[in-house]
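One structure below.
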Number of protein chains: 2
Amino acid sequence: MKKTIVVFSLLILAILLLFQFSKYTFISNNLQIEIVIGIIAIAFFFIGIYINKKSLHKTDTPSVEINMKKIEELGITKREYEVLKKISEGLSNKEIATILFLSESTIKTHVSNILVKLDAKRRTQAIQIAKSLQII
Amino acid sequence: MKKTIVVFSLLILAILLLFQFSKYTFISNNLQIEIVIGIIAIAFFFIGIYINKKSLHKTDTPSVEINMKKIEELGITKREYEVLKKISEGLSNKEIATILFLSESTIKTHVSNILVKLDAKRRTQAIQIAKSLQII
DNA sequence: GTCATTTTGGCACTAAAGTATGAGTTCCTT
DNA sequence: AAGGAACTCATACTTTAGTGCCAAAATGAC
């Protein structure tokens, strides 16, 4: 950002100098002044593009907002959502059970409910659907 | 895009008119010309930002570059890669077999090879790994 | 044409995943 | 305190998934 400000300032200075220079050499020539204005217009046009591109690249967060509303809409509970996230991490039912201090049976129940709520036939499809709905 | 061009053209016209107007009213006042130039500079600066934003929104491709090099590195073959993509779409082995006109046995073979090459224990983990490696 | 790799696929088997049903517990709300 | 939703777990069963081993075509490079 500091760099941008410096570049920007230098450009303004250069344009002002250009203007001052033209004022004393072509003061009587209106056509010349129009050319100077044209150059300035084009220059600032590209400066605008450049700065915008820079700032956009900074905020180029690929973070996908999680659609909480959708989760509620689908009636997915807290526990089910926890399990869903673990599924998307590629964990098995047994592994999820161990991590959440539950039995594998419980995880199976949760998974079954998740599949119904997401209208999926398999856990892999549930991952795909959940991602397309931006809930994980 | 047509709209942008029209807006752009109208702005240029307005600025030229402003310039012409100022030329006949404040022709002797250099300070006034400087102000006009400043206005033009600011105007084109924002035009640049506006147009850039428009064009960027059009090419707002959330496309994550697929790491072909990584696929080769892992020794994943064409057929295996096809199967991997189908897995990530949440399809079962039987469904993949139907789509690719192969037997389920063949798909199982491919899946097993994929799991070894991606160092995954399950297809769900393979999806997660493949995504983190940006190969799907 | 030969050799290595890829692709295909079968069979037998084990391991996970998923379904169905039922039931006890906890927690929140009215 | 009663009712409902959420959470927990079990048992029995069916369906997928995944492994190991083998082997025949097909493909492509040298």
Side-chain angles (χ1 to χ4, degrees), chain A residues 66-133 135-136, chain B residues 66-133 135-136:
Chain A
I66 286 171
N67 196 342
M68 295 297 185
K69 221 178 290 176
K70 200 84 198 172
I71 297 172
E72 278 183 54
E73 242 177 79
L74 295 168
I76 294 172
T77 66
K78 261 175 289 174
R79 216 43 163 166
E80 282 163 5
Y81 185 62
E82 277 186 273
V83 173
L84 177 58
K85 279 191 292 184
K86 299 294 179 195
I87 290 174
S88 77
E89 287 167 19
L91 301 179
S92 69
N93 290 338
K94 205 175 286 179
E95 286 171 339
I96 297 170
T98 304
I99 291 170
L100 299 180
F101 304 106
L102 297 173
S103 83
E104 200 188 333
S105 299
T106 307
I107 304 302
K108 281 189 179 187
T109 306
H110 287 318
V111 172
S112 267
N113 291 332
I114 290 166
L115 294 182
V116 171
K117 288 173 185 177
L118 286 180
D119 193 28
K121 287 189 197 125
R122 284 162 291 282
R123 49 169 58 209
T124 49
Q125 200 182 358
I127 294 172
Q128 190 267 313
I129 291 170
K131 286 205 171 149
S132 73
L133 295 177
I135 62 178
I136 51 169
Chain B
I66 287 170
N67 197 341
M68 296 296 187
K69 221 179 287 175
K70 200 84 199 173
I71 297 172
E72 278 183 55
E73 243 178 78
L74 295 168
I76 294 173
T77 67
K78 261 176 289 174
R79 217 39 164 169
E80 283 163 1
Y81 185 63
E82 277 187 273
V83 173
L84 178 59
K85 278 191 291 184
K86 299 295 179 193
I87 290 173
S88 76
E89 288 168 16
L91 301 179
S92 69
N93 290 338
K94 205 175 286 177
E95 286 171 339
I96 297 170
T98 305
I99 291 170
L100 299 180
F101 304 104
L102 297 173
S103 83
E104 202 188 330
S105 299
T106 307
I107 304 302
K108 282 189 178 187
T109 306
H110 287 319
V111 172
S112 266
N113 290 333
I114 291 166
L115 294 183
V116 170
K117 288 174 183 177
L118 286 179
D119 193 28
K121 287 187 197 127
R122 283 163 292 282
R123 51 168 58 210
T124 50
Q125 201 183 357
I127 294 171
Q128 190 267 312
I129 292 170
K131 285 203 171 151
S132 74
L133 295 176
I135 62 178
I136 52 169

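A note on names: the letters A, B, ... follow the listed sequences, proteins ahead of strands, and every chain is numbered from 1.
The distance between atom CG of A:Leu115 and atom C1' of C:dA16, rounded to the nearest whole Å, is 14 Å. Taking atom NZ of residue A:Lys94 and atom P of nucleotide D:dC9, one finds them 16 Å apart after rounding to whole Å. To the nearest angstrom, C1' of D:dA6 lies 15 Å from CG of A:Leu100. For the pair B:Lys108 NZ and C:dA15 C1', the interatomic distance rounds to 11 Å; values are reported in whole Å. Regarding A:Glu80, its CD atom lies at a distance of 8 Å from the C1' atom of D:dA6, rounded to whole Å. We find that CD of B:Glu104 is positioned 14 Å from C1' of C:dA12, with the value rounded to whole Å. As a whole-Å value, the separation of A:Asn93 CG from D:dT16 P is 16 Å. Atom CG of B:Leu91 and atom P of D:dT15 are 20 Å apart (whole Å).
At a cut-off of 3.5 Å, with distance as the only test, no side-chain donor of A:Thr109 or A:Ser112 sits close to an acceptor on the other residue.
The residues A:Arg79 and A:Glu82 are annotated as salt-bridged, a charged nitrogen and a carboxylate oxygen being separated by less than 4.0 angstrom.
Across all strands, B:Thr106 comes closer than 4.0 Å to base atoms (heavy-atom distances). As judged by a 4.0 angstrom heavy-atom cut-off over every strand, A:Ser92 is placed among residues touching the sugar-phosphate backbone only.
No donor-acceptor pair closer than 3.5 Å links the side chain of A:Lys94 to the backbone N or O of A:Glu104. No donor-acceptor distance shorter than 3.5 angstrom exists from the side chain of B:Arg123 to the backbone of B:Val111, with no hydrogens or angles considered. Remark: the backbone N or O of A:Leu91 is not paired with any side-chain donor or acceptor of A:Glu95 at under 3.5 angstrom.
Here A:Thr77 does not reach the OP1 or OP2 of D:dA5: none of its side-chain N or O atoms lies under 4.0 Å away. Put simply, A:Arg122 has no side-chain N or O that comes within less than 4.0 Å of OP1 or OP2 on D:dT16. Listed pair B:Ser105 / C:dT8 fails the phosphate criterion, with no side-chain N or O lying under 4.0 Å from OP1 or OP2. Checking the phosphate oxygens (OP1, OP2) of C:dT8, a side-chain nitrogen or oxygen of B:His110 falls inside 4.0 Å. Put simply, B:Ser112 has no side-chain N or O that comes within less than 4.0 Å of OP1 or OP2 on D:dG20.
Of all nucleotides listed (D:dA10, C:dG10, D:dC7), C:dG10 comes nearest to the side chain of B:Ser103.
Positionally, the nearest nucleotide of DNA chain D for A:Lys117 lies more toward the 5' end than for the other of B:Lys78 and A:Lys117.
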